[in-house]
Amino acid sequence: MTGRVVVVGSFNQDHVWTGSQLPAPGQTVSGRYASGPGGKGFNQAIAARRAGAETRLVCALGHDGAAELALALARADGLVLHAERVEAATGCAAVVVDGEGRNQIVVAPGANAALSHAHVLAQADAIERAGVVLAQVEVAPSAVAAALHHARRNGIVTVLNPAPADAEIDRELLTLADILTPNETEFCALLARHAGLDLAPDDIAGLADDRLAELCRRLSAGTVVITLGRHGCLISHGQHRHGDAQAVYRLGPEPVRAIDTTGAGDAFNGALAAALAQHPERPFVHAARFANRYAALSTERPGAALAMPTRSEFEARYPG
């Protein structure tokens, strides 16, 4: 269904410490503390919803205060949760952010790791009625595979954000993605695992477009979008260009006053899915440009899920 996004992914309670610098090993630094909702699945689902798409999140929650927070926040944003309730603590994360907006994150998956193949397939009707199915790998890979398999069988566009970088992502999971959206670190991790290549994340943005396109084809025959942080993003199409004139191109960074990049990648993915679902007739570049701008805008406020801009805030910054 045009305009609907189904996200399969995680919810975490985020615990965030902000200071002037990231601590070195063994170092203690002073900072400020805040707590709020996060998890890549929830962040991306909130982004897709606030970007204007009808959105549903398939996830797993415990029986605790963090789970009740997830349910309340979803209701407030009009996000529909298909939550499997399990006997494990709701996922949580520790986030440290420095004065330049850089971050370090440790995640305890908890209930996220218990999201079952059966629960995902129980949402078959929601998946079949979606325009886009978006997943990450902060939940059980078998659950992600079940969602993408079912979407593919029903002709639904599939987007896989291969995050976090240390997730166990096999070749089959990659082949289920029409669109793959790694950042530089995730891209290098995938190349090391599946192509035996040892590349440094800091070097990716400086590689020539044709070289990056060649590397993308080592991972996927579909479209690969590499998010490059302050360098924007690169799009490399494989078998299908999704209406684009160019097979490979870049979108530059948007000028913003970034204070926290914690949820920027999630903002990009949610906005990309929303734009693809809402306007499947448009060339891919329109969705990529929307996502690039939306992600940039999200860095101007602290936090992850709650930092996602509303559609009206986006249009005020980027009219027309």
Whether the [X] and [Y] side chains hold a donor-acceptor pair (N or O, under 3.5 Å, no angle test) is what I'd like checked.
X: Q13; Y: T90; answer: no
X: Q136; Y: S10; answer: no
X: N12; Y: N112; answer: yes
X: H82; Y: R56; answer: yes

Atom CZ of R171 with >12 non-hydrogen neighbours under 6.0 angstrom: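 More than 12 heavy atoms, drawn from other residues, nucleotides or ligands, come within 6.0 Å of this atom.
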Is [Y] reachable from [X] through a run of hydrophobic residues whose side-chain heavy atoms are each under 4.5 Å from the next?
X: L22; Y: V16; result: no
X: V6; Y: I156; result: yes
X: V248; Y: L212; result: yes
X: L121; Y: V86; result: no
X: L306; Y: V97; result: no

[X] side-chain N/O to [Y] backbone N/O, donor-acceptor pair under 3.5 Å:
X: Q123; Y: V58; answer: no
X: Y294; Y: A267; answer: no
X: T227; Y: G229; answer: no
X: R241; Y: A245; answer: yes
X: N154; Y: E128; answer: no
X: S312; Y: T310; answer: no
X: N269; Y: G265; answer: yes
X: N43; Y: A305; answer: yes
X: E138; Y: G39; answer: no
X: S142; Y: H117; answer: no

From CA spacing to verdict: side-chain contact (heavy atoms from CB on, under 4.5 Å), D210, E214: CA-CA 6 Å; D210 58 354; E214 175 198 347; over 6 Å; no
Test ring-ring contact (aromatic ring centres under 6.0 Å, His included) applied to H149 - qualifying residues, sequence neighbours left out: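 Partners of H149 by the ring-ring contact (aromatic ring centres under 6.0 Å, His included) criterion come out as none, since no residue qualifies.
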Side chains of [X] and [Y]: closer than 4.5 Å at any heavy-atom pair?
X: I226; Y: V224; answer: yes
X: E184; Y: L228; answer: yes
X: S220; Y: L174; answer: no
X: E300; Y: R317; answer: yes
X: P162; Y: T181; answer: yes
X: R49; Y: M308; answer: no
X: F284; Y: I235; answer: yes
X: F268; Y: N161; answer: no

For [X] versus [Y], what's the shortest heavy-atom pair and its separation?
X: G243; Y: P283; result: O-CB, 3.5 Å
X: A273; Y: V5; result: O-CG2, 3.6 Å
X: D14; Y: P37; result: OD2-O, 3.8 Å
X: I105; Y: A93; result: CG2-CB, 4.3 Å
X: A163; Y: K40; result: CB-CE, 3.5 Å
X: L115; Y: A140; result: O-CB, 3.6 Å

From CA spacing to verdict: side-chain contact (heavy atoms from CB on, under 4.5 Å), L148, L173: CA-CA 8 Å; L148 298 187; L173 202 55; 4.3 Å; yes
Rounded to the nearest 0.5 Å, how far does [atom2] of [Y] lie from [atom1] of [X]?
X: R129; Y: I127; atom1: CZ; atom2: CD1; value: 13.0 Å
X: F42; Y: L57; atom1: CZ; atom2: CG; value: 7.5 Å
X: Q21; Y: D98; atom1: CD; atom2: CG; value: 8.5 Å
X: I169; Y: L160; atom1: CD1; atom2: CG; value: 6.0 Å
X: T175; Y: R152; atom1: OG1; atom2: CZ; value: 6.5 Å
X: I46; Y: S298; atom1: CD1; atom2: OG; value: 13.5 Å

Audit row: R85, H63, side-chain contact (heavy atoms from CB on, under 4.5 Å) steps and yes/no: CA-CA 7 Å; R85 305 304 291 268; H63 299 273; 3.5 Å; yes
Check: F290 ring centroid to F314 ring centroid under 6.0 Å: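 Yes, close enough.
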Sub-6.0 Å ring centroid separation between H242 and H237: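 Yes, close enough.
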Listed pairs under 3.5 Å, donor-acceptor, residues 24-33 side chains, sequence neighbours left out:
| residue | atom | partner | partner atom | Å |
| --- | --- | --- | --- | --- |
| Q27 | OE1 | A24 | N | 2.8 |
| Y33 | OH | H15 | ND1 | 2.7 |

With S236, the side chain to side chain donor-acceptor pair (under 3.5 Å) member among R217, R250, Q246: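 Going through the options one by one, the only one that passes is R217.
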Derivation and outcome, salt bridge (charged side-chain N to carboxylate O under 4.0 Å, His left out), residues R4 and E54: CA-CA 5 Å; R4 177 178 287 180; E54 179 186 342; 2.6 Å; yes
Stepwise side-chain contact (heavy atoms from CB on, under 4.5 Å) test for V157 and I179: CA-CA 8 Å; V157 174; I179 301 161; 4.0 Å; yes
Candidate list R50, R301, R293, test salt bridge (Lys or Arg N to Asp or Glu O under 4.0 Å), partner E313, passing option: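 By the salt bridge (Lys or Arg N to Asp or Glu O under 4.0 Å) criterion, E313 pairs with just one of R50, R301, R293: R301.
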